[in-house]
> 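I'd like to ask some things about the structure below.
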Amino acid sequence: MNYDFPKVDLHLHLDGSFRIETMYELAKERNIVLPGNTLEGYREWMNEHADAKDVNDYLQMFDPPTQVLQDKESLIRVTKELIDDIASQGLRYAEIRFAPQLHTHKGLTQADATEAVLEGKRLGEESNPSIKIGIITCMMCIGPETVNWDQNSETVDVCAKYKDKGVVALDLAGAEGIVPLKNFAPLFEKAKALNLNIISHAGDSQGPDTVKDALDFGVSRIGHGHHIFDDKELCKQAADNNIALEICPTSNIQCKTQPSFKEHPAKQLLEMGIPVTINTDNMVMARTTVDEEYDHCVNEMGFEYKDLIRMNINSFEKSFAPKDYKEEMINILKTYL
């Protein structure tokens, strides 16, 4: 099907959406051996791991690219190339997220890593005037919240420092369910005191209790969040408060957080009045594009074409894009209805 309307991806991880050829080349230059040893071997290794046992198994795929992306040059390049790729797919806006603390193992500071990604954004937008990009900095859950509390607190500071320079929001990503999500509440309180836009991964591998914690933080969007469906009162709260869900269909199936596209509750959540959005999560690891996600929506998940337009309007409305651009894109999308 042809999806020629303005498209958006609000949930797009930088370290899961690179060009495989580039990552292999960068690894070789840095004397890092990727799984599979060869380019094709690495591609096959990722294909095998994409069909994961669970989210934590899926997260192992991020280790090799993280080892490589430890210098400004590599971060600039993969960011710029990602923008080139999504612009060529017809996207008019995207928010690319990454965790600065994961790129500090060879001398970069979190600020250095963020500046590199912002430079990649600048170059990408310069080469592709049809698209605008926001950068989201992610705190990480990697164990008990005490393990990397200082690093997460620094991520909040970095988000604040670059708030008006291309960074648009703060997120919490990583492994869900190791500790209660509410344990991270003081970090979100700090972010709110700094007047930051806040979002959080929740309700993916865990139940609706994590979504409740995220709502208590005061987030405007939830990464994944589909298990909110198991708590109808919480669904009503999300609808009443206009809290968007960043649904990533292929990723949810690969990570076994939903049994199939057909059984995914995204359409029902949209019908409940929740602002559902459709996103890719990790383009290379999920082996997907926004168009392929839309194919799943229409062919297997019960959505109609007009729902895709509505969900892209949701995406622009709940995005952190510049106000004038947001309104322009929403007006264009309305003509497709």
> Around Lys182, counting heavy atoms of other residues, nucleotides and ligands shown, do more than 12 lie under 6.0 Å from its NZ?
no

> For a quick check under 3.5 Å, do Glu81 and Thr22 share a side-chain donor-acceptor pair by atom type?
yes

> side-chain hydrogen bond (donor to acceptor under 3.5 Å, both in side chains) between Gln110 and Thr104: does it pass, once the steps are laid out?
CA-CA 6 Å; Gln110 290 199 42; Thr104 59; over 6 Å; no

> Could you state the interatomic distance from CZ (Arg221) to NZ (Lys318), rounded to the nearest 0.5 Å?
8.5 Å

> Minimum heavy-atom separation for Ala113 to His103, with atom names?
CB-CB, 4.0 Å

> Do Asn312 and Tyr336 have side-chain heavy atoms sitting under 4.5 Å apart?
no

> I'd like to know if the side chain of Lys106 reaches the main chain of Asp71, judged simply by a donor and an acceptor atom lying under 3.5 Å from each other, with no hydrogens or angles considered.
no

> Rounded to the nearest 0.5 Å, what's the gap from CD1 on Ile309 to CD on Glu304? Could you check?
12.0 Å

> Using modelled atom types and a 3.5 Å cut-off, is there a donor and acceptor pairing between side-chain atoms of His13 and backbone atoms of Asn282?
no

> Sub-3.5 Å donor-acceptor pair from the side chain of Ser200 to the main-chain atoms of Asp171, do we have one?
no

> Within the distance-only criterion (no hydrogens, no angle test), does the side chain of Ser17 pair as donor or acceptor with the backbone N or O of Met283 below 3.5 angstrom?
yes

> Just grab all the ring pair (Phe, Tyr, Trp, His ring centres under 6.0 Å) pairs involving residues 142-193, residues at least two apart or on different chains.
Phe188-Phe217

> Going by heavy atoms in the side chains, are Pro275 and Glu317 under 4.5 Å from each other?
no

> Do the side chain of His11 and the main chain of Thr277 share a donor and acceptor less than 3.5 angstrom apart?
no

> Are any of the side-chain heavy atoms of Tyr24 and Arg19 separated by less than 4.5 Å?
no

> Using the test side chain to side chain contact (heavy atoms under 4.5 Å, CB included), find all partners of Glu119 that sit at least two apart in sequence or belong to another chain.
Ile76, Arg122, Leu123

> Could you tell me whether Arg97 and Glu246 make a salt bridge, using a distance below 4.0 angstrom between a side-chain N and a carboxylate O?
yes

> Can you list everything that forms a side-chain hydrogen bond (donor to acceptor under 3.5 Å, both in side chains) with Glu328? Sequence neighbours excluded, please.
none

> State which residues pass side-chain hydrogen bond (donor to acceptor under 3.5 Å, both in side chains) with Asp295; sequence neighbours excluded, sorted by chain then number.
Tyr3

> Would you say Lys232 has more than 12 foreign heavy atoms packed within less than 6.0 Å of its NZ?
yes

> Do other residues, nucleotides or ligands put more than 12 heavy atoms under 6.0 Å from the NZ atom of Lys192?
yes

> Other members of the hydrophobic cluster containing Met140, with the 4.5 Å side-chain heavy-atom rule, please.
Leu102, Ile142, Val147

> In this structure, are over 12 heavy atoms from other groups packed under 6.0 Å from Lys212 atom NZ?
no

> In Å, rounded to the nearest 0.5 Å, how long is the span from CG of Leu10 to CD1 of Ile136?
7.5 Å

> Tell me the ring pair (Phe, Tyr, Trp, His ring centres under 6.0 Å) pairs involving residues 232-278, sequence neighbours left out?
His226-His264, Phe261-His296

> Within the structure provided, determine whether Ser251 and His224 are in side-chain contact (heavy-atom separation under 4.5 Å).
yes

> Going by the salt bridge (charged side-chain N to carboxylate O under 4.0 Å, His left out) test, which pairs reach into residues 251-263, not counting sequence neighbours?
Asp51-Lys256

> Looking at side-chain heavy atoms only, is the closest gap between His201 and Glu176 below 4.5 Å?
no

> If a pair satisfies ring pair (Phe, Tyr, Trp, His ring centres under 6.0 Å) and one of its residues is in residues 61-97, list it, with sequence neighbours excluded.
none

> Do Glu40 and Arg43 meet the salt-bridge criterion of a basic N to acidic O distance under 4.0 Å?
yes

> Between Val156 and Leu194, is any pair of side-chain heavy atoms under 4.5 Å apart?
yes

> Would a 4.5 Å heavy-atom cut-off, applied to side chains only, mark Val211 and Asp231 as touching?
no

> How many angstroms lie between SG in Cys159 and CD1 in Ile135, if you round to the nearest 0.5 Å?
11.0 Å

> Regarding Glu293 and Thr280, do their side chains bring together a donor and an acceptor under 3.5 Å, going by distance alone?
no

> Can you pull the side-chain hydrogen bond (donor to acceptor under 3.5 Å, both in side chains) pairs that have at least one residue in residues 129-147, sequence neighbours excluded?
Glu145-Asn183

> Checking side chain to side chain contact (heavy atoms under 4.5 Å, CB included) against Ile133, which of Ile96, Asn128, Val117, Leu82 comes through?
Ile96

> Check whether any side-chain N or O of Thr210 sits under 3.5 Å from a backbone N or O of Gly207 as a donor-acceptor pair, and report yes or no.
yes

> What pairs with Tyr305 under ring pair (Phe, Tyr, Trp, His ring centres under 6.0 Å), at least two apart in sequence or on another chain?
Phe5

> Which residue pairs satisfy the ring pair (Phe, Tyr, Trp, His ring centres under 6.0 Å) criterion with at least one member in residues 316-335, sequence neighbours excluded?
none

> Would you please test Asp112 and Thr109 for side-chain hydrogen bond (donor to acceptor under 3.5 Å, both in side chains) and show each step?
CA-CA 5 Å; Asp112 292 336; Thr109 64; 3.1 Å; yes

> Is a side-chain donor or acceptor of Thr79 paired with a backbone partner of Lys121 at a separation under 3.5 angstrom?
no

> For the atom pair CZ (Arg310) and CG (Leu333), what is the distance rounded to the nearest 0.5 Å?
13.0 Å

> Can you check salt bridge (charged side-chain N to carboxylate O under 4.0 Å, His left out) on Arg77 and Glu25, steps first, answer last?
CA-CA 12 Å; Arg77 180 174 170 184; Glu25 181 186 322; 3.0 Å; yes

> Does the side chain of Val68 reach to within under 4.5 Å of the side chain of Leu34, using non-hydrogen atoms?
yes

> Would you give the length of the straight line joining atom CD1 of Ile330 to atom OG1 of Thr335, rounded to the nearest 0.5 angstrom?
12.5 Å

> Evaluate Leu215 against Asn241 for side chain to side chain contact (heavy atoms under 4.5 Å, CB included), listing each step before the verdict.
CA-CA 10 Å; Leu215 293 179; Asn241 290 285; over 6 Å; no

> Keeping Asn314 on the side-chain end and Val276 on the backbone end, is there a donor-acceptor pair under 3.5 Å?
yes

> List in chain and number order the residues that pass side-chain hydrogen bond (donor to acceptor under 3.5 Å, both in side chains) with Glu327, two or more places apart in sequence or in another chain; answer none if no residue qualifies.
Lys323

> If only atom types and distance count, is the side chain of Gln258 paired as donor or acceptor with the main-chain N or O of Asn252 below 3.5 Å?
no

> Cys297 and Asp307: side chain to side chain contact (heavy atoms under 4.5 Å, CB included), yes or no, with the steps?
CA-CA 9 Å; Cys297 285; Asp307 293 326; over 6 Å; no

> Donor-acceptor pair, distance only, cut-off 3.5 Å: does the side chain of Asn197 make one with the backbone of Val168?
yes

